[in-house]
Amino acid sequence: MTRFFSKIIVVLKPFYLGLMLFFMYAPIAVLIIFSFNDSRSRGTWEGFSFRWYEQLFNDPHTQSALRNTILLAIFSTIFATLIGTLAAIGIDRMKKRSRTVVMLISRVPVMMPDVITGISLMMLFQFVFRMLGFGGLGFGTMLLAHIVFNVPYVILSVTPKIRQLDPNLYEAALDLGSNPARAFFQVILPELWPGVITGAMLAFTMSVDDFMVSFFTTSPGVQNLSIRIFSMTRRGVDPSINALSTIIFVVVMIMLILINLRDKHLITKRGEDGNEN
């Protein structure tokens, strides 16, 4: 009986996989198709057109939101990666009990709902501005908020690579004549590089994707793409949203293809080098 059900599962597995992929990508396919529809209606097709792409690129508010999104993602990724990497190294040097407490605290922002993080940061910024007597919410506060919620992801990405290091590696580099800075950059950092890159990619993705924290930590005059899309949907779904979503989807797919091709090339190269040896 068990063997019979196992055969059924094996036979139906491609069907379930295909059904899952259909439900995942069918909405995206519809969105892409109707981004080229000449009509505002999402239920009727009135001909192929680039009308909504032209409207999208001629919209100064959307262009400003896109620029803010890219700048936020780049700067928050750089600062969060630097802070998170150094923090992970410092945490690893702590005593066991202190390290456990700090790692637990660093995981809290990851598990906490974004709405709580956004409201908390908004209240903090307003309190600080009230104490100082000047300042207000805007691009700077949104950047600080993105750095804050990105740092834990970098710490969680770098920490496993630190634990894989030989604990005597740094001291060995110093014994062989390296100064502390050279030992870190030429010995330790290359070993941590995969975790650092993973943390940076997570930080960049989280920054581009974020809505809730950005919504509470900015002013009405400064928007990123997620806030811009939200404001557009409040007035009725504009077909230019389909065009914007299509562009984002295509860019992400191209990046994934390039990354997979690079990984495949590296694996092939390693295999060739192994055969030569």
Side-chain angles (χ1 to χ4, degrees), residues 70-125 127-129 131-132 135 139-210 212-214 216-217 259:
I70 295 175
L71 291 176
L72 279 170
I74 292 175
F75 287 119
S76 65
T77 298
I78 293 172
F79 286 109
T81 303
L82 290 174
I83 297 172
T85 302
L86 296 176
I89 295 172
I91 292 171
D92 185 69
R93 298 290 179 177
M94 292 181 176
K95 295 181 180 180
K96 184 176 181 181
R97 180 174 297 180
S98 300
R99 183 170 64 245
T100 302
V101 173
V102 174
M103 286 301 298
L104 179 62
I105 294 174
S106 67
R107 289 190 179 97
V108 172
V110 177
M111 305 299 296
M112 188 182 300
D114 289 345
V115 63
I116 297 178
T117 303
I119 293 174
S120 302
L121 289 170
M122 177 190 67
M123 295 177 64
L124 173 64
F125 291 141
F127 173 77
V128 172
F129 293 145
M131 292 292 293
L132 296 177
F139 183 86
T141 54
M142 189 158 51
L143 176 60
L144 289 174
H146 280 227
I147 295 172
V148 167
F149 73 72
N150 279 332
V151 167
Y153 291 97
V154 179
I155 293 175
L156 294 177
S157 299
V158 177
T159 299
K161 300 302 296 183
I162 294 177
R163 293 177 179 174
Q164 294 175 7
L165 288 176
D166 186 338
N168 300 317
L169 188 62
Y170 181 74
E171 286 76 8
L174 295 180
D175 292 340
L176 292 174
S178 294
N179 56 47
R182 185 177 180 184
F184 174 76
F185 285 105
Q186 295 188 0
V187 178
I188 301 300
L189 188 58
E191 297 294 328
L192 303 181
W193 200 243
V196 174
I197 295 298
T198 301
M201 292 177 65
L202 275 173
F204 187 88
T205 303
M206 295 296 296
S207 179
V208 172
D209 182 63
D210 177 72
M212 195 62 67
V213 176
S214 301
F216 285 105
T217 57
I259 291 172

Colleague: Looking at every heavy atom in both P190 and P194, which two are closest together, and how far apart are they?
Modeller: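 Nearest pair, atom of P190 first, then P194: O-CD, 4.0 Å.
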Colleague: Could you give the distance from CD1 (I188) to CD1 (I162), rounded to the nearest 0.5 Å?
Modeller: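 Interatomic distance, I188 CD1 to I162 CD1, rounded to 0.5 Å: 9.0 Å.
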Colleague: Let me confirm one number: the OG1-CD1 distance from T81 to I155, rounded to the nearest 0.5 Å.
Modeller: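 Reported value, rounded in 0.5 Å steps: 11.5 Å.
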Colleague: Looking only at non-hydrogen atoms, find the nearest pair between S157 and Y153 and report the distance.
Modeller: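 Heavy atoms only, the tightest pair is OG-O, 2.8 Å.
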Colleague: Which pair of non-hydrogen atoms, one from A80 and one from N150, has the smallest distance, and what is that distance?
Modeller: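 Taking A80 first and N150 second, the nearest heavy atoms are CB-CB, 3.6 Å.
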Colleague: Locate the shortest heavy-atom distance separating G84 from V151; write the atom from each residue and the value.
Modeller: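 Distance-wise, the nearest heavy atoms are CA-CG1, 4.1 Å.
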Colleague: Can you check whether H146 reaches T77 side chain to side chain, under 4.5 Å on heavy atoms?
Modeller: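 Answer no - side chains too far apart.
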Colleague: Roughly how far, to the nearest 0.5 Å, is the CG atom of L124 from the CZ atom of F129?
Modeller: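 These two atoms lie 9.0 Å from each other.
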Colleague: Taking all heavy atoms of D114 and all of V213, pick out the closest pair and write down the distance.
Modeller: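 It is O-CG2, 3.8 Å.
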Colleague: Which distance, rounded to the nearest 0.5 Å, do you find between the CG of L144 and the CZ of F125?
Modeller: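 Between atom CG of L144 and atom CZ of F125 there are 5.0 Å.
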Colleague: Using a 4.5 Å cut-off on heavy atoms from C-beta on, say whether the side chain of L192 contacts that of I89.
Modeller: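 When only atoms from C-beta onward are counted, L192 and I89 do touch, with a gap below 4.5 Å.
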Colleague: Nearest 0.5 Å, please: how far is CG in D92 from NZ in K161?
Modeller: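 Between atom NZ of K161 and atom CG of D92 there are 13.5 Å.
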Colleague: Does any part of the side chain of T141, heavy atoms only, come nearer than 4.5 Å to the side chain of M122, both counted from C-beta?
Modeller: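 M122 vs T141: side chains apart.
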Colleague: Counting C-beta onward and ignoring hydrogens, is there a side-chain heavy-atom pair between L71 and F139 closer than 4.5 Å?
Modeller: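 The answer is yes; the side chains approach within 4.5 Å.
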Colleague: At what distance, to the nearest 0.5 angstrom, does CD1 of I119 lie from OG1 of T217?
Modeller: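 Those atoms lie 11.5 Å apart.
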Colleague: Could you go through M103 and L156, starting from their C-alpha distance and side-chain angles, then the distance that decides it, and tell me whether this counts as side chain to side chain contact (heavy atoms under 4.5 Å, CB included)?
Modeller: CA-CA 9 Å; M103 286 301 298; L156 294 177; 3.9 Å; yes
Colleague: How far apart are the C-alpha atoms of M201 and I197, what are their side-chain angles, what is the distance that settles it, and do they pass the side chain to side chain contact (heavy atoms under 4.5 Å, CB included) test?
Modeller: CA-CA 6 Å; M201 292 177 65; I197 295 298; 4.0 Å; yes
Colleague: Can you give me the closest heavy-atom contact between I116 and S120, atom names plus distance?
Modeller: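 Looking at all heavy atoms of both residues, the closest pair is O-OG, 2.7 Å.
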Colleague: Find out whether F127 and M123 are in side-chain contact, i.e. whether some heavy atom of one side chain is under 4.5 Å from a heavy atom of the other.
Modeller: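 No, side chains not in contact.
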Colleague: Tell me if a side-chain donor or acceptor on S207 pairs with a main-chain N or O of A203 at a distance below 3.5 Å.
Modeller: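 Between the backbone of A203 and the side chain of S207 there is no qualifying donor-acceptor contact (under 3.5 Å).
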Colleague: Looking at I147, I70, L143, which one forms a side chain to side chain contact (heavy atoms under 4.5 Å, CB included) with F75?
Modeller: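 The passing option is L143.
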Colleague: Check the pair V154, I83 against side chain to side chain contact (heavy atoms under 4.5 Å, CB included), reporting the backbone distance first and the verdict last.
Modeller: CA-CA 8 Å; V154 179; I83 297 172; over 6 Å; no
